[in-house]
S.K.: 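Below you will find the structure I want to go over with you.
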Amino acid sequence: MKPEGKDNFTPKIVGYLCNWCTYAAADMAGSSKLEIAPELTVIKVMCSSRIDFNMVLTTFFNGADGILIGGCHPGDCHYDKGNYYTRRRFALFKDIMKILKLDPERLQLSWISASEGNRYAEVVNSFTEKIKKLGPNPLNGNPYF
Amino acid sequence: MKKSYTKGAKISNSKGSRKTILNFLKGLLKKGSLDAVLIPMRVPAGDSYAWVLIKDKKLLDDANPIAPIMPVQGANALSSCTKKGKGNLKIAALMRPCEIRAAIELSKLNQVNLESVTLISYDCPGALPMSDYLQDPGEGEKVFDSLLKKRDRDVESVKPVCGICDNFSILPASDLHFGLSADSRDNILLIPNSKKGTGLLNKMDIKPSEDISSWAKNIEELKKVQEKKRKERFEYVKDMVEGFDSLVKTFSACVGCHNCESVCPVCYCRQCYFESETAKPDIESILLKTKNRGSISLPADRIMFHVGRMVHMSLSCVSCGLCTDACPVSIPVAELFSYVGDRTQQTFEYRSGEEKGEPIPMKTYRKEETKGINELVKGAEG
Amino acid sequence: MDKVLKIDISAEKGVVELLKYLLQNDRVSGVFTLRKTGSDGSFDYALITEPGLLEDAIPLHPFMHVNAGKILSALPSMRKPVAAVIKPCELRSFVELVKRSQGALDDFLLISYTCGGSFPYKTTVKGQTDKLLPEFWKAVKSGLDSDSIRPTCRACEYFVPMNADITISLIGEKDLDSKCSIFLHSGKSESMVEGFKAEISKGELDLSRFDSLVKKRKEQKEKDFKELNIQDSGLDGMIDIFGKCIGCHGCSRICPICHCILCDFESCAYDYDTSMIENELLGRGGVRVPTDTILYQIGRLSHMSFSCTGCGLCTEVCPADIPVSTIFRKTGEKVAGLFDYVPGKDVDEEIPVTIFKEEELSELGND
Amino acid sequence: MESKKTSSKIGVYICECGPNIADNIDIDTIIARLPSLEEYQNKELVVKRYKLLCSNEGKEFLENEIRENEFTHLVVAACSPRDHDTTFINVCKKTQLNPYLYKMVNIREQCAWIIPDKEKATEKAIRYIRAATSRVLKQSELIEKQLDIDPGVLVIGGGISGIETALSLAGKERKVYLVEKSSELGGKMNMFKELLPRQNGNRDIIEKKIEEVKKNESITIFLETELESAVGFLGNFEISLKNIKNNQPGAEFTVGAIVAATGFRLTDTGKLAQYKYSKESEVYTSLEIENMIKRDGKIVLKSGKEPESVGLIHCVGREEKGYCSQICCNYMLKFISFLQQQSDSIKIKDFYRDMCLPHKEDQGFFEEVKNKGADFIRISDVKIKGTHVEYTPIGKDKKEVDVDMVILAPAMEPEKGTEELAELFNVPLSETNFFQEEHQQLNPVETSIEGIFIVGACHGPAGISESMLQAQAASGKISTRLIPGKKIVPEVKVSEIMEDFCMGCRTCMDICSYGAITFDGELSVCVVNEAICRGCGNCAGSCPSGAIRAKHFTSAQIYQEIIEAIR
Amino acid sequence: MSKEFMPKIISFLCKWCTYSGADLAGTNRMKYPPSILPLRVMCSSRVNPVFLIKSFLHGADGVLIGGCHPGDCHYQSGNYYTRRRFAILTTIFDSLGLESERLKLSWISAAEGTKFVRVSTEFNEKIKSMGENPAKKKIFL
Amino acid sequence: MNSKDKILVIGAGIAGMEASLLLANAGRSVLLVEKLSLTGGNTIKNEDSFPNLECSTCMIAPIQQDILQNPNIEVMTLSTVKKVEGEAGNFNVTIDKKARYVSLVDCIGCGMCYEPCPVTLKNEWEENLSEKKAIYVPCEGSLPNVPAIDPEHCLQLNGKKSCNACVEACMFGAIDLSEKDEEVQVDVGAVIVATGFDMFDAGKISNLGYGKFPGVYTSMEFERLFASNGPTSGELVLRGGGESPRSIAIIHCVGRKELGYCSGVCCMDSFKYSHFLKNKLPDAKVYNIYSDICLPNKTYQIFYNKIKGEGGGFIFQSSPEDIEIKESSGKLGVNLTDRNGAAESLDVDMVILACAIVPGKESENLAESLGIELDGKGFFLTRKEDVGTVETSKAGIFVVGCAEGPKDIQNSVIQAEAAVGKAILIGEINGK
């Protein structure tokens, strides 16, 4: 086990993207050939409301350095109101991470619509930068999580 | 807005509060205003208490309305007999305030049907830790009896969460309340707190006409003291869970028995998500983690279980403390969860068990969310 | 005849050395053992793949917070076997689980030892472990019971491992602090440790020297059973013992044999609807809720008592201090006795409920 | 959870996409590294590259590969699934490989095009493909079901919207059941004599339609009847009716769709302080005027005399209701025009706030009426005492005027019973208490429950033309979906509830946007109606017990992806 | 209570043998005690031991399992398992001091109408002599 | 399939697409003819659409994808209908299909061809706010994501110079400069006209200064300026200047008086802009200068109230004709003359003209080809003797969406659905 320093650190970031908005934005960013940090791996879900707490916990406790949840803007949900629930669940989850001081900064929710390819690139790049600054997920050395 | 009841009936306490309560319940059974009473009863071996649903009023003589310990949460007991519908029995459930709050939470989750249930609460002196009581039940009874006679709260011998409980008296959600900390030990105040409660009093020809403000004031003062204690204690508890290392240290003794979950009243799942096939750490994740970290502690995912459970139930946590009682390795689970619960409930502007019919936060949303939530999702907009 | 390896370091260190050797030489994919997790005396079972981390291993530590058999059954098959250091009762539990397709012996190099018993949970809760350890080891060396071990262990006659690939001899080994004797029982273990620097000879673990301890333990067991005294008081006795059960079902969760994802007694089949409760009330005038406290206990007995390995964790974990393990062992012994079955003894022997003999139990059903 | 085939053989095909992928990703490295990954040891893995998989040759190549290798699972690493998922699904279908055992990986838009560093792009692509390869093994076959349908339609409300719906749908193979609360068809139309000029003035067209409905053999009319219950889903709703008069159960039948055309009523002006009027005064609501025109052929005072001056007040109750009723300005113009025809000397004072004329013909009509001398006064406030009008023109001081007659244009609100009907259907109402559309723009005449439609004024304030169009729109949608003799294929990526683990807490039921989850009281568990579920997975995200499986997006599948993603 | 004690005996009868045997007894107008409440199961091996525990704890005075004779099982070997399970359960009952006599297993073939009558009558008598199941009145079970 | 079962839809805007998709899903074969190189019509130009401010791309892109992938739909871009003969159930249509020069089948949308093209042009689709090459897609995310070549400006095609840059850049051989315009004949059973609308030319009202002052924008220009996939990626910077406006006037009803009708949607659009601006530039001053506020939907007033609550001035002004816009030292002066005579002047950085909806340029020609009538305003006329219909004077030809008159998306879709109901019967007459 060689602990990675902040300098030679390649973070592992998981992006949960909703099929209808953020995934489309990711595509648009791709077609526009915007430069996007390679550290984020996309997992597509039909709606951001599919993401349950355990999924985020598992991702985080398995050593992901950052988690980005991308959904439609509130009011734009393809399924009417899914993302309103996403927002609540996210808030609760983040709250608990905050209370427990479990690196809440590593979790981010962003509303990115299908036409916001640029924003997608910006969000991913800035989030990746942030994670790089934060350094490796401290859980990675911890056998308990 | 809920109507607030400011009047109560004074009844004599000459026979002791337990007897007085039992007589009142007996009267209701006799009149047919109730079909059954859910009440704690000492088990035959005399070393613990169990919840019993009593129909035969003679059996009430053996019941103990205010048990010194809380081995099973009343809300669980109530759930086990009303989960599948209201049935034909008119039931009164005599429970501690935290049990009533849990019952309200469960009713929101359709695990308790309150339609034909009257919830009766009392000024709770707290409960003794189970392990202490089991050491010497006789001594436990004595200690508790003396507690029951005190007008202020003695936090030395009660469970740690009871020691910092600020919600030990009448609640918006109980139907009827026994004000044990009345002006003098000679009287008990019987305070109706809903139409159901008033109805029962009417049946017994009891007129709630006494002013209860002095009792209420006393409770308010006690509450303030408790709130302060709670705050102080949480400062300490905070350090036990903040950050990865504290979390690991706090839960390092956990044996993964999940007793805390199974006795928790608001963990109502048949099978805990974290024991389910769905959430079972799969082969790949164990291998991967071991490879990445050089080693992995087993059984895996114990911290995940506790944090996950906080996410699942902290919004509904009623600080009843059963989890601590049930923990074989004496982790102060209850205090930790109370601390987290208080904070998440604050974020969602929600108080568990305060109001019947109010949706639990995860079942609802607002298009424009509360400040606390907006703070947390900051960065999502744009 | 088995092979014996002897090294001139303490038993615990010897085992760690052996583990290290196995891991460093890529004989095993990983090591499963107890290890220290902090300076405060906390420890845990761990799967270790990084040899350096074995520094913290305490494979012979007299404590069992979880039954390792249960953990092993949840581990995946890896490329090569995992070396696992576990107690005899854990090993027996694992064998029982293997019979239920909950794991495979081949996935592990099973290392066990003649077990002097474990401390109760409360020893660590109270932080007394370090204080009690010297006395414990002293007792082990002289082949006696330590005062600090669990009552369950004091009544355990199966302290010599069955089915282990490698056995470390501890009980009665006077030179534990400076000598480590490792018995290899299988071809598998022999090829695994090949090249390990030690004095190699042939020999077998002398079982006869345990006779007195076995006898003492059996006596203790009978005494425990007798003290339990349920047989005489029947239903009321059951109520006396299980009356304080709070229904947490922790005993089933901690039990290595209870491997079900969802315990039958927690399934919806045992949910009451209100009319059923009303029905109950008719006969009794009052009914305990939640119901089925005793049903759960007897039901669980009927499910697994014949496989009970007496690890005693159910008693440890019970918040109501019910001597669950004693009841299960007592009953289990009788039930297993029906079929001359010893749980965890032989992996090829099927559990009693999956086989039958045409000629048996002839008295049943015939009138 | 895994495919029923025990020995799995996965095909992984990497598209070069010409140079688009090949130049930015080292495909050979992928091919070299992928099979050696320990976790696929027991599975057979074939990894190949191709220059352009979406081309016809590419598709053929892939088809042949699948057939020859007898793959159980297929992974295609190429462009975005939004571009070519369908393409490869079709390839799967052609080769009898269940398309749910295939997965597409987007290594173009999400690797090749966004990562300039080839090595990094390759690394990411490997991670992606591995994630997909291990996920695909966890995927299970899903079989598209075909459901029989009943093409029949239930129309609730015998007003003009209901009539138009019934007429446009009824046919030899499609029965229409028209249910009307009152004792006659026609609804509010029965109160009108004249329509707006842009609606061709006379109402013969409507008369004719009522006659046609009565004659049409495919239409069954139930008068004095209301809906008792409707249970089911698109293609299969079971309907029971109730006879209002004797409160007896009525007919029971099955239909494929339901159209609510329950109409509107005028808001109660009696409740608005500034317009308090009594029946005795010369203050009339718009519908009273319509009625008067129909009955008497003219607008007259109680005395029978024609009024000499008339004040018309728009937007009565608009602020309280919170919406504009759209058609009031127009019919007020119609009244003015009528009054102007009735008397040359009539003095008209029209009190309005904003003139809402959202149709291309409206403004012309307005100019016409205005040019004939009607006085249009833009006001910020108005109040009446009988026919004494106090008003404040915008930006000016308060004024008063006495007129012979006042005509009010009260806001339209949903007809009584709309709320109950919404509850019966389990469809939501909008903030303004009219029915809410499934999607305001894209699906404007259907509710969140597929197969239940809303047309006419119960949908929102609407005039006759709008109502007719909505009726036709609902008919249009219905006739494309319920084709007699054809089956419908519901979404297969739906959620399912494992009843053994469900506690019946109904969290999922409360949050489902489509009413796809119901509660089984018998078993005390929630149940997903697969014909309604659209597969968003919100329920699975909400279930604390983990009792809900969102098919094709199960936790096991997603966890698999997670693990690989952060390997 | 002067009223004569009428036990409640839950009887799980295998469809192929014992249930037919009971039917045969009926067809032949043979009399057996009304306290027998027959429950038809496809095979005696369907009877989960927990059924017996539950019946017992809920106050059934007796529980009878009727199956085909060993070797005759319609499903080849079901009743061998029944026999083992029954043995396990009665052993548990014995070691807990519970009245295992209230549980009975009997092999009765489709032709043995008479045996059914005999077994049920004897069992009924035995239960009668044992008296009411004390579990019926216990609150804390 | 029988030719009369095929349905021709003209215009791939929201109404045309919705109609096509519904028909196709019902198993009918559809020919969707679009004059531009991309689908989506005017709606796709919006960032968000009112009143829910739902992202237009999120809303429409799935439909566009469906249209392109549906086996029952043939999409013919860069095409116009030239002639229609016959009667309901049996029309013969002649379509003028312009060469795209890029194969829809072979092109994979990699975009490697733009860079080498030496010709730079104004991008009309982006309201000339950005530039494109002679081989182009109008904007990011265009669907089909395949470029077209502008034959007028392509050096090779207009014969000015021999140039093969794009052909060489394409690795898929998707570009064929020898492709010729075609005339396509097709038999269909019914025709749905969904040609949409154009915007009123704000330059016609000279006092508003459009075209004279760079700070004056039309509504469509603003839509693109604001769009996150637009010329500035949603950055609100003024033309040329590169700065964000600090004060903005939105002028309603531009063209209403000239045209003689209210467009019914501009108020809502203006409010939407107001919201956009307030959201993105919280400190900016925003003025809505209006005459009548038209909110013809149950939910529009809620939106209006919300916008009012966000702050921003609402100034009543009877008609834009009485507004005079001047420029001095980089600031725009908006001089208002209220009907009450009180004059007021606002200093702003930006003016947005909420222009009226006008009939599409080619409506007249199309009406002639189809043999149907236009109304006095140039919109298609529906059957005179009917109420609330999408049928035209010629049986089998339907008109939907803004081609029939100004309307919002909801009503366009309602008409499309209505037309589908009618069209589906043609060819199914026997079944009726």
Side-chain angles (χ1 to χ4, degrees), chain B residues 76 79-80 82-87 105-113 261 264 266-293 301 304-305 308-316 357-365 367, chain D residues 1-2 37-42 130-131 133-135 137-138 431 497-513 517 519-526 538-550 553-567:
Chain B
N76 273 344
S79 168
S80 77
T82 63
K83 174 181 181 310
K84 289 190 143 190
K86 66 184 176 87
E105 282 306 284
L106 288 181
S107 75
K108 295 172 187 172
L109 291 156
N110 293 303
Q111 305 299 308
V112 158
N113 189 321
E261 172 262 322
C264 174
V266 291
C267 268
Y268 58 95
C269 296
R270 188 174 312 292
Q271 183 192 38
C272 178
Y273 187 102
F274 301 96
E275 283 162 16
S276 68
E277 194 72 326
T278 326
K280 217 163 120 185
D282 59 35
I283 292 168
E284 284 83 354
S285 87
I286 292 181
L287 283 176
L288 179 70
K289 275 192 202 169
T290 317
K291 212 167 95 188
N292 284 346
R293 295 166 195 193
D301 288 348
M304 163 100 97
F305 166 73
R309 206 165 76 82
M310 277 176 196
V311 179
H312 274 181
M313 56 64 68
S314 68
L315 283 167
S316 291
E358 181 190 10
I360 57 162
M362 289 299 109
K363 266 194 183 188
T364 183
Y365 66 88
K367 282 192 178 167
Chain D
M1 224 164 275
E2 261 175 57
L37 298 169
E38 56 188 284
E39 51 275 45
Y40 308 125
Q41 259 183 352
N42 303 325
R130 268 193 349 202
T133 311
S134 56
R135 184 201 207 264
L137 281 169
K138 298 258 170 176
E431 288 163 84
I497 294 178
M498 295 174 277
E499 58 179 45
D500 285 348
F501 300 106
C502 173
M503 293 303 288
C505 72
R506 282 161 263 185
T507 302
C508 51
M509 193 168 135
D510 290 351
I511 62 161
C512 178
S513 299
I517 300 177
F519 181 67
D520 179 338
E522 209 96 321
L523 293 173
S524 277
V525 295
C526 290
N538 193 0
C539 49
S542 79
C543 179
S545 316
I548 305 184
R549 264 165 53 93
F553 287 91
T554 63
S555 301
Q557 290 161 4
I558 294 173
Y559 288 159
Q560 200 61 47
E561 277 189 279
I562 296 173
I563 300 299
E564 290 296 337
I566 50 184
R567 178 170 286 277

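Proteins come first, then strands; the chains are lettered A, B, ... in the order of their sequence lines, and each starts at number 1.
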S.K.: Indicate the ring-plane relationship of B:Phe305 and B:Phe274, choosing parallel, tilted or perpendicular according to the 30° and 60° boundaries.
M.R.: perpendicular
S.K.: Answer yes or no on whether D:Arg135 is positioned over the face of D:Phe553, meaning its NZ or CZ is under 6.0 Å from the six-membered ring centre and within 45° of the axis.
M.R.: yes
S.K.: I'd like to know if the side chain of B:Lys363 and the backbone of B:Lys108 have a donor-acceptor N/O pair within less than 3.5 Å.
M.R.: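 A pair under 3.5 Å: yes.
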S.K.: Which region of D:Ser542, side chain (C-beta onward) or backbone (N, CA, C, O), has a non-hydrogen atom less than 4.5 Å from a non-hydrogen atom of chain B, or is it both or neither?
M.R.: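 Neither the backbone nor the side chain of D:Ser542 comes within 4.5 Å of chain B.
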S.K.: D:Gly504, D:Gly546, D:Ser545: which one forms the most heavy-atom pairs within less than 4.5 Å of chain B?
M.R.: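 That would be D:Ser545.
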S.K.: Between B:Leu106, B:Val311, B:Asn110, which shows the greatest number of heavy-atom pairs under 4.5 Å with chain D?
M.R.: B:Asn110
S.K.: With B:Arg270 as the cation and D:Phe501 as the aromatic partner, state whether NZ or CZ is under 6.0 Å from the six-membered ring centre and within 45° of the axis.
M.R.: no
S.K.: Relative to chain B, which segment of D:Ile563 carries a heavy atom at a distance below 4.5 Å: side chain, backbone, both, or neither?
M.R.: both
S.K.: May I ask you to decide whether B:Asp301 forms a salt bridge with B:Lys289, counting only side-chain N to carboxylate O separations under 4.0 Å?
M.R.: yes
S.K.: Among D:Ser524, D:Cys543, D:Ala547, D:Gly521, which has the most heavy-atom pairs under 4.5 Å with chain B?
M.R.: D:Ser524
S.K.: Measure distances from B:Gln111 to the heavy atoms of chain D and classify the residue's part below 4.5 Å as side chain, backbone, both or neither.
M.R.: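 When you check distances to chain D, only side chain atoms of B:Gln111 fall under 4.5 Å.
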